[in-house]
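Notes for the one structure printed next.
What you see is a predicted model; the values in this text were computed from it and never measured.
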Amino acid sequence: MFDILMYLFENFIHNETEIRVDQDELTDELIRAGFHHDEIYKALSWLEKLAALQETDINPYLVKGPTSFVTRIYTQEEEMRLDIECRGFLLFLEQINVVDSTTREMVIDRVMEIESKEFCLEDMKWVVLMVLFNVPGKENAYAQMEDLLFEEPEGPLH
């Protein structure tokens, strides 16, 4: 499923032409690319849920004001999916204002829906990029995250 998300993101993110919205055409293209129908369905469902997150109002549940003293407590399932490196990187992204509490929760929500036993920090970085791409007004954060994703780090980022 994650491979399909990456395929879609890499093939349509920088494409100057209009992104196809016809699900049947998109499904046919993905099948021609070698993906299985059930995985395609899961990936398209994942993207629909990402779009739906923008329409939900989670703001009443988030901390108002400065969050420098707030600690995000992860559930056992979240800790199993997001190892210490992933959680540390999310904290780092919050500290440098790439993600806020809303986009952080969107990232965690989308990560938890990915069916992959080998999910790692690099995969999470792509999920962050996909979330930021889909949230209006986060263009600067997206550009900053793109730099973090494609630049070779000189040392630990967090």
Side-chain angles (χ1 to χ4, degrees), residues 1-59 62 72 74-75 77-83 85-94 96-153 157-158:
M1 177 181 106
F2 192 70
D3 291 336
I4 296 170
L5 293 171
M6 292 300 300
Y7 176 88
L8 291 171
F9 193 68
E10 289 174 352
N11 285 294
F12 293 109
I13 187 69
H14 297 294
N15 194 344
E16 295 296 322
T17 61
E18 187 177 320
I19 295 176
R20 293 184 199 152
V21 292
D22 182 34
Q23 190 167 349
D24 292 333
E25 281 185 39
L26 187 57
T27 300
D28 291 343
E29 179 180 333
L30 291 170
I31 288 172
R32 283 191 303 275
F35 297 110
H36 296 287
H37 195 272
D38 58 332
E39 293 298 311
I40 293 169
Y41 173 77
K42 290 176 188 175
L44 294 178
S45 176
W46 189 93
L47 289 170
E48 288 174 5
K49 290 177 182 174
L50 173 59
L53 282 175
Q54 295 179 47
E55 297 170 10
T56 62
D57 188 14
I58 64 170
N59 288 323
L62 301 175
R72 168 55 157 88
Y74 291 86
T75 67
E77 294 83 19
E78 290 169 342
E79 285 182 352
M80 290 176 65
R81 173 52 55 106
L82 294 163
D83 64 14
E85 196 174 27
C86 290
R87 294 190 310 266
F89 191 72
L90 268 178
L91 178 61
F92 167 72
L93 292 177
E94 276 189 270
I96 64 169
N97 297 316
V98 170
V99 298
D100 55 23
S101 56
T102 303
T103 50
R104 178 199 63 220
E105 292 306 313
M106 291 173 77
V107 168
I108 293 169
D109 179 81
R110 294 297 74 218
V111 166
M112 297 305 293
E113 290 289 321
I114 293 176
E115 296 176 4
S116 172
K117 292 183 185 345
E118 299 176 8
F119 190 81
C120 66
L121 177 60
E122 288 304 309
D123 296 339
M124 193 199 67
K125 290 177 181 179
W126 283 103
V127 172
V128 172
L129 203 61
M130 289 180 213
V131 167
L132 291 174
F133 176 76
N134 282 286
V135 176
K138 295 294 183 184
E139 292 80 12
N140 290 339
Y142 176 85
Q144 211 174 345
M145 184 61 205
E146 210 173 24
D147 290 343
L148 289 172
L149 184 63
F150 295 118
E151 288 181 358
E152 289 294 319
L157 291 177
H158 56 279

First locate atom [atom1] of [X], then atom [atom2] of [Y], and finally report the distance between them rounded to the nearest 0.5 Å.
X: Met130; Y: Tyr142; atom1: CE; atom2: OH; answer: 9.5 Å
X: Arg87; Y: Ile108; atom1: CZ; atom2: CD1; answer: 10.0 Å
X: Thr27; Y: Ile40; atom1: OG1; atom2: CD1; answer: 6.0 Å
X: Leu149; Y: Lys125; atom1: CG; atom2: NZ; answer: 6.5 Å
X: Glu94; Y: Ser101; atom1: CD; atom2: OG; answer: 7.0 Å
X: Glu29; Y: Asp24; atom1: CD; atom2: CG; answer: 13.0 Å

Under the criterion side-chain contact (heavy atoms from CB on, under 4.5 Å), I'd like the reasoning laid out for Ile114 against Asp123: C-alpha separation, chi angles, the key distance, then a yes or no. CA-CA 10 Å; Ile114 293 176; Asp123 296 339; over 6 Å; no
Taking only residues two or more places apart in sequence, or in another chain, which ones meet [X] in a side-chain contact (heavy atoms from CB on, under 4.5 Å)?
X: Glu77; value: Thr75, Met112
X: Asn140; value: none
X: Glu113; value: Trp46, Lys49, Arg110
X: Ala143; value: none

Closest approach of [X] and [Y], non-hydrogen atoms and distance?
X: Leu5; Y: Ala43; value: CD2-O, 3.7 Å
X: Arg104; Y: Val99; value: N-CB, 4.2 Å
X: Glu122; Y: Trp126; value: O-CD1, 3.1 Å
X: Leu129; Y: Glu146; value: CD1-N, 3.7 Å
X: Cys86; Y: Leu82; value: CB-CD2, 3.8 Å

For side-chain contact (heavy atoms from CB on, under 4.5 Å), just list the numbers for Leu93 and Val107, CA-CA rounded to whole Å, side-chain angles, deciding distance to a tenth of an Å, and then say yes or no. CA-CA 11 Å; Leu93 292 177; Val107 168; over 6 Å; no
Given Leu26 and Leu8, is the side-chain contact (heavy atoms from CB on, under 4.5 Å) satisfied, shown in steps? CA-CA 9 Å; Leu26 187 57; Leu8 291 171; 3.6 Å; yes
Can you list everything that forms a ring-ring contact (aromatic ring centres under 6.0 Å, His included) with Phe119? Sequence neighbours excluded, please. none
By ring-ring contact (aromatic ring centres under 6.0 Å, His included), Tyr41 pairs with (sequence neighbours left out) none
Salt bridge or not for Glu39 and Lys42, using N-O below 4.0 Å? yes
Would you call Glu78 and Arg81 a salt bridge, using N to O less than 4.0 angstrom? no
Any side-chain donor paired with an acceptor under 3.5 Å for Thr103 and Asp100? yes
Step by step, would you call Leu148 with Phe92 a side-chain contact (heavy atoms from CB on, under 4.5 Å)? CA-CA 11 Å; Leu148 289 172; Phe92 167 72; 4.1 Å; yes
Within the supplied structure, the quantity of interest is the number of heavy atoms (other residues, nucleotides, ligands) at a distance under 6.0 Å from Met80 CE; does it exceed 12? no
Over 60° means perpendicular and under 30° means parallel, so classify the ring planes of Phe9 and Phe133, tilted if in between. perpendicular
Whether Asp109 side chain and Glu105 backbone form a donor-acceptor pair below 3.5 Å: no
